[in-house]
Asks: 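Mind having a look at this structure? Questions to follow.
Naming convention: chains lettered A, B, ... in sequence-line order (proteins, then strands); numbering from 1 in each chain. Excluded from the calculations below are hydrogen atoms, water molecules and symmetry mates; all remaining heavy atoms, backbone and side chain alike, are included.
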There are 2 protein chains.
Amino acid sequence: MISFDNFTMVDGSPIYQQIILHIKRGVIAGTIADGDELPSRRVLSALLGVNPNTVQKAYKMLEDEGLIASHSGAKSCMVLTADTVRSIKLELVAADARTAVRALRQMGISLDEAREILEKYWEGEEEQ
Amino acid sequence: MISFDNFTMVDGSPIYQQIILHIKRGVIAGTIADGDELPSRRVLSALLGVNPNTVQKAYKMLEDEGLIASHSGAKSCMVLTADTVRSIKLELVAADARTAVRALRQMGISLDEAREILEKYWEGEEEQ
DNA sequence: ATAACTGTGTTAGTGGAATAATACAGTTTC
DNA sequence: GAAACTGTATTATTCCACTAACACAGTTAT
């Protein structure tokens, strides 16, 4: 069963997107694998304290991407191939890196400074 | 006069916030300095193709932060001290770095990988 | 078979963002 | 001083993302 223990909600971005991101990042990290069962819509919504439809929306979008298989009545589960994982990783890393690099460059920060910042905050986020 | 030439609108976040970010990043980069005049609400809204009220909202929030001085009838201009710039820089860099680092760590990426990614995308965003 | 689960679909409410149309007052420029 | 700019304020409206509440149908376990 996929875990949502270290899931921390942030305001500013939609909850359903945070759920999607949490799952995709788990896939990339290898903590979520092919065939793994997902918590049901109702169970997860109760766990996160949100409406079942919010979870449904996240699961539906993942299903539309082909990452989840849902059969009415039975639990949903992950559908992952090596190729899928690879492309998800590329997609997410690219998005995050591009956003951060663009911001830093717009602030006139040099590559050397950026390296220092990276290392500084890498340690700062140690407690995960 | 503050330039908005390399301003590129993104959907996903409110326009008024993008305007605020553009200005703050310019301040950090040093391309926007104390006393610099801002384009009027009407001019900028025409330039960006948005409603004057959207620009007004951005300017108003910057004024509430004390970064802009507005006198009825005259053009608004930047109000910046060394301390202000320093604190803005800390605030923005911290936010961006924290977000990126947290994402990379959740994907199980190592610090070495992160360094490579940084350098790769640093070159990729060269054209600014 | 029945209870308790599962997924799915429909409908409705809420809030924020963006747009729009004005109006008024101060300043700059000539 | 007159014209053309500037900032400020008000009000209403539209639109959509997000969330919520509920009903319905299939599956599983006992």
Asks: Of the nucleotides D/dA9, D/dT19, C/dA18, which has the atom closest to the B/Pro14 side chain?
Replies: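 So the nucleotide nearest the side chain must be C/dA18.
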Asks: CG of A/Leu62 versus C1' of C/dT8: gap in Å, rounded?
Replies: 16 Å
Asks: Only pairs at least two apart or in different chains count here, so list each side chain to side chain donor-acceptor pair (under 3.5 Å) that has a residue in residues 46-58 of chain B.
Replies: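 Residue pairs with at least one partner in residues 46-58 of chain B: B/Arg41-B/Gln56.
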Asks: Under the salt bridge (Lys or Arg N to Asp or Glu O under 4.0 Å) test against A/Asp96, which residue among A/Arg25, A/Arg102, A/Lys89, A/Lys24 passes?
Replies: A/Arg25
Asks: If you take any heavy atom closer than 4.0 Å to DNA chain C, which residues from residues 43-55 of chain B end up in contact?
Replies: B/Val50, B/Asn51, B/Asn53, B/Thr54
Asks: Considering every strand and a 4.0 Å limit on heavy-atom distances, what is the contact class for B/Gln17: base, sugar-phosphate, or nothing?
Replies: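 B/Gln17: no heavy atom of the nucleic acid under 4.0 Å.
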Asks: Starting at the 5' end of DNA chain D, which residue's closest nucleotide do you reach first, B/Tyr59 or A/Lys57?
Replies: B/Tyr59
Asks: Could you tell me if the side chain of A/Leu118 sits less than 4.5 Å from the side chain of B/Leu111, heavy atoms only?
Replies: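 When only atoms from C-beta onward are counted, A/Leu118 and B/Leu111 do touch, with a gap below 4.5 Å.
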Asks: Got B/Gln106 and A/Asn6 here, is their nearest side-chain heavy-atom distance under 4.5 Å?
Replies: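 Heavy-atom side-chain distance check fails, nothing below 4.5 Å.
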Asks: Please tell me if B/Arg41 has a side-chain N or O lying less than 4.0 Å from either OP1 or OP2 of D/dT8.
Replies: yes
Asks: Any non-hydrogen side-chain atom of B/Phe7 less than 4.5 Å from a side-chain atom of B/Gln18?
Replies: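 The answer is yes, as the side chains (C-beta and beyond) meet within the 4.5 Å cut-off.
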Asks: Can you tell me if B/Gln17 uses its side chain to pair, donor with acceptor, with the backbone of B/Pro14 under 3.5 Å?
Replies: no
Asks: Calculate the interatomic distance between A/Gln56 atom CD and D/dA17 atom P; express it in whole Å.
Replies: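 Going from CD in A/Gln56 over to P in D/dA17 covers 17 Å.
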Asks: Counting primed atoms plus P, OP1 and OP2 as sugar-phosphate and everything else as base, spell out the protein contacts along nucleotides 23-30 of chain C at 4.0 Å heavy-atom distance: B, S or - for each nucleotide, 5' to 3'.
Replies: ---BSS--
Asks: Between P on D/dT19 and CD on A/Gln18, what's the gap in Å once rounded to a whole number?
Replies: 9 Å
Asks: Would you indicate whether the side-chain heavy atoms of A/Ile19 and A/Phe4 approach each other to under 4.5 Å?
Replies: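 Touching, per the 4.5 Å side-chain cut-off.
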Asks: Between P on C/dA18 and CG on B/Asp11, what's the gap in Å once rounded to a whole number?
Replies: 11 Å
Asks: Quick check: does any side chain N or O of A/Arg105 sit under 3.5 Å from a backbone N or O of B/Trp122, one acting as donor and the other as acceptor?
Replies: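 Between the backbone of B/Trp122 and the side chain of A/Arg105 there is a qualifying donor-acceptor contact (under 3.5 Å).
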Asks: Taking the side chain from B/Ser70 and the backbone from B/Ser76, do they hold a donor-acceptor pair closer than 3.5 Å?
Replies: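 Not a single qualifying donor-acceptor pair exists.
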Asks: Measure from NZ on B/Lys60 to P on D/dT10 and round the result to the nearest Å.
Replies: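 Going from B/Lys60 (NZ) to D/dT10 (P), I get 11 Å.
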Asks: So, is A/Ser76 near the phosphate of C/dG7, with a side-chain N or O under 4.0 Å from OP1 or OP2?
Replies: yes
Asks: Looking only at side-chain N and O atoms, does B/Ser70 come under 4.0 Å of OP1 or OP2 in D/dT8?
Replies: yes
Asks: Starting at CE of A/Met61 and ending at P of C/dT8, how long is that distance when rounded to a whole Å?
Replies: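 In whole Å, C/dT8 P lies 15 Å from A/Met61 CE.
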